[in-house]
Amino acid sequence: MRMSQLFGHTLRETPADAETASHYLLLRAGFIDQLMAGVYSYMPLGQRTKHRVEQIVREEMDGAGAQETLLPAIQPRELWEETGRDALMSDVLFPVVDRRERMLVLGPTHEEVVTSLFRDHARSYRDMPVTLYQIQMKFRDEARPRAGLQRLREFTMKDAYSFDMDEEGLDASYGAMFEAYTRIFARCGVPIVPVEADSGAIGGKGSQEFVFLTEAGEDHIVICAQCNYAANTEKAEFVRPPAEGEEALAVEEIETPGMTTIEELAAFLDVPTARTAKAVFYTARNFGEHSGGEPVFVVIRGDLQVNEVKVVNALGGGVELEPMTDAEVAAAGIVAGYASPIGVADNVRVIADTSVAQSPNLVAGANREGFHLRNVNHGRDWEGAVSDIALAEEGHACVRCDGGTLGMERAIEMGHVFRLGVTYSEPLNAVVLDSEGERRFPTMGCYGLGVDRIVAAAVEAHHDDDGIVWPAAVAPFDVHLVGLGLDRDEAVAAEAVALYEELTATGLDVLFDDREESPGVKFNDADLIGVPLRVTVSSRNHKAGAVEVQRRGAEQSEQVARAEAVARVGALHEAARAEGA
RNA sequence: CGGGGUGUAGCUCAGCCUGGCAGAGCGCUGCGUUUGGGACGCAGAGGUCCGCAGUUCGAAUCUGCGCACCCCGACCA
C-alpha cells in the first residue's frame with residue numbers, strides 16, 4: 001500500500017475526548033473514527049488490524065474443531081420471549097419494527113438463535129458433539145459506552161456455542177474452547193488472566209472470564225498474592241475476618257440518639273464496626289417491571305459491604321434490586337437508621353451474610369427511633385437465610401489457600417466462557433435422541449470474545465510515548481517502508497520502489513511512505529502507526545549501498561546491505577512473529 | 001439512571017463574566033525555498049458559534065427548554 005493513496009491521516013493533536021491510550025492512539029493514528037456514542041468506523045488501517053485478529057480467532061476456533069456459521073443479527077422478538085430474556089435484557093435490547101409492524105430486535109447475543117438452528121437440524125446424539133461459532137456484530141444499547149473500543153454499542157464478537165449429550169461432553173468442549181482462548185490472546189499479544197465470574201444475564205452453572213489487567217479497565221478483579229485464585233468481585237469469595245468467640249449474652253436496648261450510620265454508631269459505642277450488624281433493604285423486581293416486587297432485608301456485618309450480584313443469586317436470580325423507596329420502607333415497618341432484623345414483618349425476605357451468622361453479640365438496630373440493641377445473635381434472636389452476599393475487598397483473606405491476601409486490580413473483560421447446561425435447550429425445546437432412543441436436552445456451553453477489545457487491549461499493552469507498538473501478528477502491515485527525498489533523487493526513488501515490490505513479492509504486507517513529506521513527519525507517523533519493522537531508503541543510505549532497518553520500539557537501527565535487505569527483513573519479520581506466538 | 005463537565009473552522013482552543021466587524025495555532029490548497037525526527041516565506045480557501053424559543057436597537061455572549069458528546073458512579077458481556 002502506498003501511503004500517498006491511503007485513506008485517512010494521522011492527527012497531530014490528541015482529540016480532547018479521548019482519555020485512555022488505546023482510544024487516543026487509535027484515533028490519532030487514523031485507525032478508527034467515532035460516529036456517535038459507542039459506535040465507530042474502522043478506517044483502512046484499523047480494518048486491517050481487526051481482520052488479522054479475526055483471522056487468528058478463526059484459525060484457533062477451526063483448530064479446536066468448531067464450525068463457522070453466520071447467524072442473523074436481526075431477530076424476531078418472540079424468540080426472546082420464549083426464554084424470557086426479552087425482559088431480562090430489555091434495558092440493552094435495540095428494538096426494531098418492520099414494515100408489517102412486527103417486533104424485532106438487533107441481536108445482543110445469539111443463544112436463542114443458535115439453539116433454534118440446532119433444534120431444526122440436529123436429530124440425535126450422532127450429530128453431536130458440535131460447536132458452532134460466528135464472528136459478527138452485536139448490538140447492545142449500553143447505558144454508558146466508554147473509552148473508544150472498550151465499551152461499544154455496536155461491536156464485533158466471536159461467539160461460539162457447544163452442544164453435548166452430557167456433562168463429560170461439556171467438560172471436553174469447554175476445555176477445548178478454554179485452550180483456544182488462551183492461544184488466541186497469546187497470539188494477539190494481550191496478556192490475560194482467567195478469573196472466576198458471575199454468569200449474569202447469560203445464565204448457566206458457572207463461568208470464567210479472561211481479563212486483561214489494566215488501570216484503564218472497568219471491572220474489578222481480586223487476585224490472591226499467594227496462590228492462583230483470581231475472581232471478578234461480582235463473584236469473589238473470601239474468608240471473613242474472624243469474630244471473637246464469646247458466649248451469647250442477653251439482648252440489651254441502648255439509647256443511640258442520631259446514630260444512623262455504622263461509622264457514627266461504632267464511634268459512639270466505641271466498638272469496632274465488625275461488632276455491628278448493618279441492614280440494607282431492597283425491593284426485588286422482575287426485569288422490566290417498575291412496581292410491586294418483593295421486599296428484601298439484607299443483614300451484613302458492619303465492616304463489610306453488600307455485593308448485590310450475590311444477593312440476586314441468593315434470591316434465585318432473574319430479578320433486579322432497587323433500594324427501597326421511603327414509602328416501601330414505611331410499608332415494610334422498617335425504621336430507617338435503626339433497622340433491625342428482629343421483628344421484621346413476615347412478608348419481608350431476610351438474608352444474612354455468613355459474617356453475621358458467625359459473629360456473636362452484634363449491635364443491631366432496635367427498629368425504634370434513637371435506639372439500638374446490643375448482643376444480637378442470629379439464630380437465637382432472629383432467623384434469616386444465611387448466604388455469602390459480601391463484597392470482597394483488598395486485604396481480605398483468600399479462601400483457597402492459607403495465609404494468602406487478596407489484592408485488587410482493574411481489568412477489561414476480553415472473553416467469557418459459560419457452562420450453560422440446559423438453560424436454553426430446555427425452554428426452546430431443542431430435543432435430541434440419545435443412544436437409547438430417549439429424548440434429551442443437550443448440555444450447552446457458550447463462549448464469547450470481544451474482537452474490538454482485543455484491538456484496544458493490544459494497544460493498551462503495547463505503546464510508548466511516540467505511539468503504538470503493534471504485536472507483529474496484529475499489526476496493520478508487516479513493514480513500513482520510508483522513502484526520504486524521493487522527489488529529489490530519481491535513483492533513490494527507483495530503489496525505494498524496487499524494494500517495495502521485492503518485499504511485497506515475498507508475501508509481506510508493506511506500507512510504503514512515498515509522500516512528499518519531510519523526514520520528521522514520516523518518522524513520527526511511522527512511530528505513531530506502530531508497524532513492527534521500519535525500513536528507510538534515503539540518499540545517505542543509497543550512497544552507502546545500504547538500507548536502514550529498525551524494529552519499532554528498539555533503540556538502535558541496523559544498516560543492511562541493499563543486496564541483503566529483503567532476506568534480512570524477512571528474517572526479522574519471522575522473529576517478530578515468533579515473539580507473539 | 002444519578003452526579004459533574006463540554007459544545008465556536010478538519011483538529012486543539014480563545015472570545016462569553018461586562019451584548020456591538022467571527023478569532024489564533026495546527027491542519028488544508030497554490031507558488032517558491034528547504035530536506036534524517038512534526039521546516040520556512042508569500043498568497044488563499046474554510047463557520048448553522050449544537051438546536052429552538054425568548055429578552056434586546058443589536059445575541060457566540062443574557063434567559064428558558066431541548067439535543068449531542070465526554071468523565072465519575074450505578075448497571076452491564
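Letters go in sequence order (proteins before strands), and every chain restarts at 1.
- Under the Watson-Crick or G-U wobble criterion, with both distances below 3.5 Å, B:rC42 is paired with B:rG30.
- Rounded to the nearest Å, the gap between the C1' atom of B:rU61 and that of B:rA22 is 12 Å.
- Considering only residues two or more places apart in sequence or on other chains, A:T10 meets the side-chain contact (heavy atoms from CB on, under 4.5 Å) condition with A:D525, A:L528, A:I529.
- Nucleotide B:rG36 forms a pair with no other nucleotide shown, judged by Watson-Crick or G-U wobble geometry with both contacts under 3.5 Å.
- For residues 485-494 of chain A, no pair satisfies salt bridge (Lys or Arg N to Asp or Glu O under 4.0 Å), with sequence neighbours left out.
- Taking both residues in full, the closest heavy atoms of A:S22 and A:A456 are given as CB-O, 3.3 Å, listed atom of the first, atom of the second, then distance.
- Ring geometry, A:F418 versus A:H416: the interplanar angle falls under 30°, so the pair is classed parallel (tilted spans 30 to 60°).
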Protein and nucleotides 23-30 of chain B: nitrogen or oxygen contacts under 3.5 angstrom:
{"from": "B:rG25", "atom 1": "N2", "to": "A:E13", "atom 2": "OE1", "distance (Å)": "2.9"}
{"from": "B:rG27", "atom 1": "OP1", "to": "A:R12", "atom 2": "NH1", "distance (Å)": "3.1"}

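- Comparing the C1' positions of B:rG15 and B:rU8 gives an interatomic distance of 9 Å, to the nearest angstrom.
- Straight-line distance between the P atoms of B:rG23 and B:rU29: roughly 24 Å, to the nearest whole Å.
- Applying the side-chain contact (heavy atoms from CB on, under 4.5 Å) test to A:Q136 and every residue at least two apart in sequence or in another chain returns A:L70, A:A73, A:H110, A:Q134, A:K138.
- A salt bridge is absent between A:K235 and A:E196: the closest approach of a Lys/Arg side-chain nitrogen to an acidic carboxylate oxygen does not fall below 4.0 angstrom.
- Ring geometry, A:H23 versus A:Y40: the interplanar angle exceeds 60°, so the pair is classed perpendicular (tilted spans 30 to 60°).
- Among the protein residues, A:A147 comes within range of the sugar-phosphate backbone only, with heavy atoms under 4.0 Å from sugar or phosphate atoms but none that close to a base.
- Between A:Y424 and A:Y161, the ring center distance fails the sub-6.0 Å criterion.
- Atom C1' of B:rA24 sits at a distance of 33 Å from the matching atom of B:rG64, rounded to the whole Å.
- The shortest distance between the side-chain N/O atoms of A:R146 and the OP1/OP2 oxygens of B:rC72 is below 4.0 Å.
- The separation between A:E142 atom CD and B:rG73 atom C1' is 15 Å, rounded to whole Å.
- Going from atom CD of A:E308 over to atom C1' of B:rG73 covers 13 Å, rounded to whole Å.
- Residues satisfying the side-chain contact (heavy atoms from CB on, under 4.5 Å) test with A:R2, not counting sequence neighbours, are A:S4, A:Q5, A:V497, A:Y500, A:F512, A:D514.
- The gap from the P atom of B:rA60 to that of B:rG20 amounts to 10 Å, rounded to the nearest Å.
- Between A:P519 and A:E218, the residue anchored closer to the 5' end of RNA chain B is A:P519, taking for each the nucleotide with the nearest heavy atom.
- Residue order along RNA chain B, read from the 5' end via each residue's closest nucleotide, puts A:L528 first among A:Y40 and A:L528.
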Under 3.5 Å, which protein N or O atoms sit close to an N or O of nucleotides 2-9 of chain B? Give each pair with its distance.
none

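- Between A:D219 atom CG and B:rG73 atom C1' the separation is 14 Å, expressed in whole Å.
- Separating the CG atom of A:D513 from the P atom of B:rU35 is a distance of 19 Å, rounded to the nearest angstrom.
- A salt bridge links A:E54 to A:K50: at least one charged side-chain nitrogen sits closer than 4.0 Å to a carboxylate oxygen.
- We find that CG of A:L391 is positioned 14 Å from P of B:rG73, with the value rounded to whole Å.
- Applying the salt bridge (Lys or Arg N to Asp or Glu O under 4.0 Å) definition to pairs two or more places apart or across chains, those involving residues 531-540 of chain A are A:D527-A:R534.
- Only A:R151, A:L152, A:F155, listed by number, bring a heavy atom of residues 148-163 of chain A to less than 4.0 angstrom from any atom of RNA chain B.
- Straight-line distance from the CG atom of A:L27 to the P atom of B:rG10: 17 Å, rounded to whole Å.
- Residue pairs meeting the salt bridge (Lys or Arg N to Asp or Glu O under 4.0 Å) criterion with at least one member in residues 304-317 of chain A, sequence neighbours excluded: A:K310-A:D388.
- Partner assigned to B:rA9 is none, using Watson-Crick or G-U wobble distances below 3.5 angstrom.
- Legend: residues meeting side-chain contact (heavy atoms from CB on, under 4.5 Å) with A:L11, ordered by chain and number and at least two apart, are A:P15, A:R28.
- If you check every strand for non-hydrogen atoms under 4.0 Å, A:A143 touches a base.
- The two residues A:G38 and A:P145 have their closest heavy-atom pair at CA-CB, 3.5 Å.
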Pairwise N/O distances under 3.5 Å, protein to nucleotides 47-52 of chain B:
none

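- Using N1 to N3 plus N6-O4 or O6-N4 for Watson-Crick, or N1-O2 and O6-N3 for G-U wobble, each under 3.5 Å, B:rG73 pairs with B:rC1.
- A:E19 comes within 4.0 angstrom of sugar-phosphate atoms only, judged by non-hydrogen atoms across all strands, and of no base.
- Rounded to whole Å, the distance from CD on A:E555 to P on B:rG37 is 17 Å.
- Applying the 4.0 Å criterion to OP1 and OP2 of B:rG36, one finds that A:S538 has every side-chain N and O outside that range.
- A distance of about 14 Å separates the P atoms of B:rC13 and B:rC71, rounded to the whole Å.
- Annotation: B:rC16 and B:rG7 have their P atoms spaced 13 Å apart (nearest Å).
- Here A:F31 pairs with A:W470 under the ring-ring contact (aromatic ring centres under 6.0 Å, His included) rule; sequence neighbours left out.
- B:rC11 and B:rC28 have their P atoms separated by 14 Å, given to the nearest Å.
- With A:Y174 as the aromatic partner, A:R419 meets the cation-pi criteria of under 6.0 angstrom to the ring centre and within 45 degrees of the ring axis.
- In this structure B:rU55 sits in no base pair that meets the Watson-Crick or G-U test at under 3.5 Å.
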